Participant: 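Dumping the structure here so I can ask a few things about it.
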Protein chains: 2
Amino acid sequence: MSFVDALRSARFAPDKLHKVGLFETAHMFCDLYCLEPGQSQKSHAHAQATKFYFVVEGRVRARLGESERELGPGELAWSAPGEVHGVENTSDARALLLVAMAPNPNAPRPGAA
Amino acid sequence: MSFVDALRSARFAPDKLHKVGLFETAHMFCDLYCLEPGQSQKSHAHAQATKFYFVVEGRVRARLGESERELGPGELAWSAPGEVHGVENTSDARALLLVAMAPNPNAPRPGAA
């Protein structure tokens, strides 16, 4: 268990979206996605997991299935199992997303926390 | 699947912390907790689930096991299975928390989304 200052954990990379792991258990992981303008996570799907993107700072364009929407702070997009999702920072400012997925496909070990 | 404007979903109740359900699947649920000054969620534990509180607006005092900390926007507290956790708005302003728990103990039905 722990307290985490997610905002202060932000780190950006020049070449691609940078993911900062905030915590994980076998049940879920939680990351901070840090996107410079133009950076993205390509559309993909997880057959056996639920995931959401929550906008903490900045603006992004999110895709869910055949739908796309621009999201700002306080908005989220969530994908059901098997649903295609992706996100792109189409703005001219940095963006921060709180991202959680359950269950954790990289579960460290059964029951681990 | 869906897009959700979590911030605009905020609703407060005069008598106790108000929970707004943002989405749920069998894998996890995601709520917005809306706390007037003085409102709280009593300390409790979930034997088989992982949970986190992420501060969207305002400030709260979070308890994890024997630890307590005041958290502001961009900070989170997460609890491993079986770990006691709770939260209280000890400030004089409203507070909003994004809360996710996995798996969903109220799973509507197997595989539901």
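Protein chains get the first letters and strands the later ones, always in sequence-line order, with residue 1 at the start of each. Every value quoted in this text rests on a predicted model; they were computed, and no experiment measured them.
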Participant: With side chain to side chain contact (heavy atoms under 4.5 Å, CB included) as the criterion, how do A:Phe52 and B:Phe23 come out once you've worked through the C-alpha distance, each side chain's angles and the decisive distance to 0.1 Å?
Facilitator: CA-CA 10 Å; A:Phe52 73 82; B:Phe23 74 85; 3.6 Å; yes
Participant: So for B:Leu32, is it side chain, backbone, both, or neither that comes closer than 4.5 Å to the heavy atoms of chain A?
Facilitator: neither
Participant: Should we say atom CG of A:Asp15 is surrounded by more than 12 heavy atoms from elsewhere, each under 6.0 Å from it?
Facilitator: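 Atom CG in A:Asp15 is crowded, with more than 12 foreign heavy atoms closer than 6.0 Å.
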Participant: Chain A heavy atoms under 4.5 Å from B:Val4: which part of the residue, side chain, backbone, both or neither?
Facilitator: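 Answer is both: backbone and side chain atoms of B:Val4 are under 4.5 Å from chain A.
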Participant: Short question: side chain of B:Glu75, backbone of A:Leu7 - any donor-acceptor pair under 3.5 Å?
Facilitator: no
Participant: Among A:His85, A:Gln48, A:Glu57, single out the residue with the greatest number of heavy-atom pairs under 4.5 Å to chain B.
Facilitator: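 Of the options given, most contacts go to A:Gln48.
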Participant: Heavy atoms only, distances under 4.5 angstrom: which of B:Val55, B:Leu22, B:Leu71, B:Asp5 has the most pairs with chain A? Name it, please.
Facilitator: B:Asp5
Participant: Measuring heavy-atom distances to chain B, does A:Leu96 have an atom under 4.5 Å in its side chain, in its backbone, in both, or in neither?
Facilitator: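 Neither part.
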Participant: Between B:Ala62 and chain A, with a heavy-atom cut-off of 4.5 Å, which part of the residue counts as in contact: side chain, backbone, both or neither?
Facilitator: both
Participant: Is it true that A:Arg94 and A:Glu36 make a salt bridge, defined as a side-chain N closer than 4.0 Å to a carboxylate O?
Facilitator: yes
Participant: Does any backbone or side-chain atom of A:Tyr53 lie under 4.5 Å from a heavy atom of chain B? Answer side chain, backbone, both or neither.
Facilitator: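 Neither part.
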Participant: If only atom types and distance count, is the side chain of A:Asn89 paired as donor or acceptor with the main-chain N or O of A:Val60 below 3.5 Å?
Facilitator: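 It does not hold such a pair.
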Participant: Is there a donor-acceptor pair under 3.5 Å between the side chain of B:Ser40 and the backbone N or O of B:Lys42?
Facilitator: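 No: the side chain of B:Ser40 does not pair with the backbone of B:Lys42.
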